[in-house]
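Written below as structure tokens is the structure these notes are about.
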Amino acid sequence: MEPAPECQQETPALTEAAAEFLSLIGPEELERCLFAETLEMVAAGAQPRDQAGGRWWVAARWAPYERAGEPVRSCLLVQAGSRGRQDGAPCSSTLKAYVTPQLETLEQEEQERLELGAHPIERRTHMVSHQHGMTVTKTLWEGEAEPRCWSFSYGRAELRGLLPEGASLLLLRVLACRWAVPPGLIFPSINTEGHLCTSSYRALGIQQQAVGSAEAEVFVIERAVHASVDVSTVWHSSFLPSGRLARRVQVGCPMLVLLQDESVLSDTGGVEPKPPFPKQPLDWEEDIQLCSWFLDRKEELQASHATYVQQHPELQVLLADFLQALLLQQPHDPVSFAAQFFTPFAHQQPAGTPFASTRAASPLPSPPPRHPPANGE
């Protein structure tokens with residue numbers, strides 16, 4: 001692991017206005033923020049319907065958070081991702097964050113990948129909180145070279161009110177539902193290099209914006225991440241009264257995110273939803289959210305199966321003996337052979353056929369009938 005690069009900057013502090021705002025967020029407001037949405041990525045200044053360059057999605061829901069040696073906690077799971085092209089090369093990004101109802105980040109992982117032919121670039125940032133503060137680990141893969149890794153640690157005093165990307169997405173939804181941003185809303189944050197910085201939020205007012213072929217009134221919020229050395233990164237996000245995102249643009253970026261589904265406006269009394277279109281075939285491998293759920297479930301099952309095998313080492317010996325006997329004898333009916341092979345291991349089981357659940361006949365030969373003794377005893 002390489003030493004962490006030097007970062008000369010003062011520790012960012014949580015403003016009083018920001019601390020008060022966090023303390024006033026209630027469970028009902030959070031419930032309004034728990035939904036999923038998908039928007040189109042288009043080139044800035046182009047016609048959205050003709051220049052679609054990918055998709056961007058975000059979802060939030062309640063989920064259990066488990067950590068070894070600690071009780072299970074109920075928290076908010078924020079997931080986001082995008083898939084598109086950057087300078088003609090395929091690129092993708094994913095985000096997964098576990099956040100408490102107080103918007104404290106328990107764990108977060110971000111991943112970005114750029115496919116440059118035989119020289120792909122992948123960057124992963126993982127942060128996890130603990131009793132002493134938080135540890136941030138950044139890993140970079142470039143082509144076939146060995147990955148480079150940096151680690152940063154921060155104490156609890158530095159992290160009061162910290163809002164990384166996942167918690168920031170929830171905060172923006174809360175602000176959007178209120179259609180108001182208090183002045184002086186500044187929080188500590190962590191930039192893409194893993195260093196502490198500040199992020200500020202301010203309202204840019206109410207505007208009219210096109211959503212598909214309709215017009216809608218949106219509330220625009222500016223979020224800026226300020227670093228001590230680099231230029232600040234600024235996003236302008238436009239929200240409908242329901243809290244759903246209508247437009248998101250990073251200042252200076254050639255791509256922006258737009259809402260094209262007019263049916264979303266029906267939640268705000270805007271226009272009537274369009275008639276449903278014919279169902280399109282779903283390619284789950286191209287759907288980032290479904291692919292993420294599939295991979296999470298796959299890892300969960302693999303870990304469960306590996307744990308069970310480790311807890312029962314006799315399984316490998318048992319299966320090895322059976323396969324050896326099967327290959328040596330090569331019976332014509334492997335099912336009957338398996339039933340006879342494992343019969344000695346069933347002496348502790350209750351009487352009854354193991355094939356009763358399938359109502360299939362047992363492959364074992366029926367025992368001879370028992371006749372009473374001649375003397376009648």
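Taking the side chain to side chain contact (heavy atoms under 4.5 Å, CB included) definition, one finds that A210 meets it with E215, sequence neighbours left out. Taking V234 as the reference, E222, A224, H236, V251 meet the side chain to side chain contact (heavy atoms under 4.5 Å, CB included) condition, with sequence neighbours excluded. Under the rule for a side-chain hydrogen bond (donor to acceptor under 3.5 Å, both in side chains), T94 has no partner lying at least two apart in sequence or in another chain. Scanning for side-chain hydrogen bond (donor to acceptor under 3.5 Å, both in side chains) contacts around W62 gives E31, with sequence neighbours left out. For the side-chain hydrogen bond (donor to acceptor under 3.5 Å, both in side chains) test, no residue two or more places apart in sequence or in another chain qualifies with H119. Residues meeting the side-chain hydrogen bond (donor to acceptor under 3.5 Å, both in side chains) test with R123, sequence neighbours left out: E112. With sequence neighbours excluded, the residues that form a ring pair (Phe, Tyr, Trp, His ring centres under 6.0 Å) with F322 are F341, F342. By the salt bridge (charged side-chain N to carboxylate O under 4.0 Å, His left out) test, E122 is found to be paired with R113, R124, residues two or more places apart in sequence or in another chain being considered.
Listed for the S189 side chain is a donor-acceptor partner under 3.5 Å among the backbone atoms of L163. For the pair R297 (side chain) and S292 (backbone), a donor-acceptor distance under 3.5 Å is absent. In this structure, Q108 contributes its side chain and G166 its backbone to a donor-acceptor pair below 3.5 Å. Remark: the backbone N or O of F337 is not paired with any side-chain donor or acceptor of Q340 at under 3.5 angstrom.
Distance check: R202 CZ to I221 CD1 gives 12.0 Å after rounding to the nearest 0.5 Å. Note that OG of S238 and CZ of R248 are 11.5 Å apart. Values are rounded to the nearest 0.5 Å. Rounding to the nearest 0.5 Å gives a distance of 7.0 Å between CG of L162 and CE of M127. In this structure, H195 NE2 and F152 CZ are separated by 4.5 Å, a value rounded to the nearest 0.5 Å. Put simply, CG on L295 and CG on L290 are 11.0 Å apart, with the number rounded to the nearest 0.5 Å. To the nearest 0.5 angstrom, Q111 atom CD is 12.0 Å from K96 atom NZ.
For the residue pair E193 / W150, no side-chain donor-acceptor distance below 3.5 Å is found, with atom types taken as modelled. With hydrogens and angles left out, the side-chain atoms of H226 and T198 include no donor and acceptor closer than 3.5 Å. There is no side-chain donor-acceptor pair under 3.5 Å between Q250 and T233.
Contact check for F187 versus L14: side-chain heavy atoms found under the 4.5 Å cut-off. At a threshold of 4.5 Å between non-hydrogen side-chain atoms, the residues I190 and M134 count as touching. In this structure, the side chains of Q208 and E217 come closer than 4.5 Å at one or more pairs of heavy atoms. In this structure the side chain of V174 never reaches within 4.5 angstrom of the side chain of L103, judged on heavy atoms. Side-chain contact between F219 and L175: absent, with no pair of heavy atoms (C-beta onward) separated by less than 4.5 Å. Residues V99 and C75 fail the side-chain proximity criterion, which asks for heavy atoms closer than 4.5 Å.
Residues T125 and T192 come closest through the heavy atom pair OG1-O, 4.4 Å. Counting all heavy atoms, side chain and backbone alike, L245 lies closest to L39 at O-CD2, 3.5 Å. Residues E262 and A214 share a closest heavy-atom pair of OE2-N, 3.8 Å. Of all the heavy atoms in A216 and V211, the pair that sits closest is CB-CG2, 4.0 Å. What you find for A246 and V218 is that their closest heavy atoms are CB-CG1, 4.0 Å. A pairwise comparison of heavy atoms in L170 and A60 identifies CD2-CB, 4.0 Å as the closest pair.
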message: Pair Q79, R61 - check side-chain contact (heavy atoms from CB on, under 4.5 Å), show working.
response: CA-CA 9 Å; Q79 293 177 289; R61 60 183 176 89; 4.2 Å; yes
field: Criterion side-chain contact (heavy atoms from CB on, under 4.5 Å) on L76 and L34, from CA distance to verdict
entry: CA-CA 9 Å; L76 299 163; L34 304 184; 3.5 Å; yes
- request: Apply side-chain contact (heavy atoms from CB on, under 4.5 Å) to the pair R67 and S129, showing each step before the final yes or no.
  value: CA-CA 11 Å; R67 185 183 294 178; S129 64; 3.8 Å; yes
task: Show the numbers, then the answer: is there a side-chain contact (heavy atoms from CB on, under 4.5 Å) between I206 and W179?
output: CA-CA 9 Å; I206 299 175; W179 266 41; 3.4 Å; yes
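Cluster membership check: V264 shares its hydrophobic cluster with F239, using side-chain heavy-atom separations under 4.5 Å among Ile, Leu, Val, Met, Phe, Trp and Tyr. L185 and L172 end up in the same hydrophobic cluster when Ile, Leu, Val, Met, Phe, Trp and Tyr side chains are linked at under 4.5 Å. In this structure, V257 is a member of the same hydrophobic cluster as L95, with clusters built from ILVMFWY side-chain heavy atoms closer than 4.5 Å. The hydrophobic cluster containing W235 does not contain V58, counting ILVMFWY residues as joined when their side-chain heavy atoms lie under 4.5 angstrom apart, directly or transitively. L159 and V225 fall into different hydrophobic clusters, where Ile, Leu, Val, Met, Phe, Trp and Tyr residues are linked whenever their side-chain heavy atoms come under 4.5 Å apart, directly or through other members.
L106 belongs to a hydrophobic cluster whose other members, connected by ILVMFWY side-chain contacts under 4.5 Å either directly or through intermediates, are Y65, L77, Y98, V128.
For residues 168-178, the side-chain hydrogen bond (donor to acceptor under 3.5 Å, both in side chains) pairs, not counting sequence neighbours, are E29-R178, E37-R173, S168-Y201, S168-R223.
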Hey, can you pull the donor-acceptor pairs under 3.5 Å for the side chains in residues 304-315, sequence neighbours left out?
residue, atom, partner, partner atom, Å
H305, ND1, L301, O, 3.4
T307, OG1, A303, O, 2.8
H312, ND1, E314, OE2, 3.3

Under 3.5 Å, side-chain donor or acceptor atoms of residues 140-147 against the rest of the protein: list the pairs with distances, not counting sequence neighbours.
residue, atom, partner, partner atom, Å
E142, OE1, R148, NH2, 3.2

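Around atom CD of Q302, more than 12 heavy atoms belonging to other residues, nucleotides or ligands sit under 6.0 Å away.
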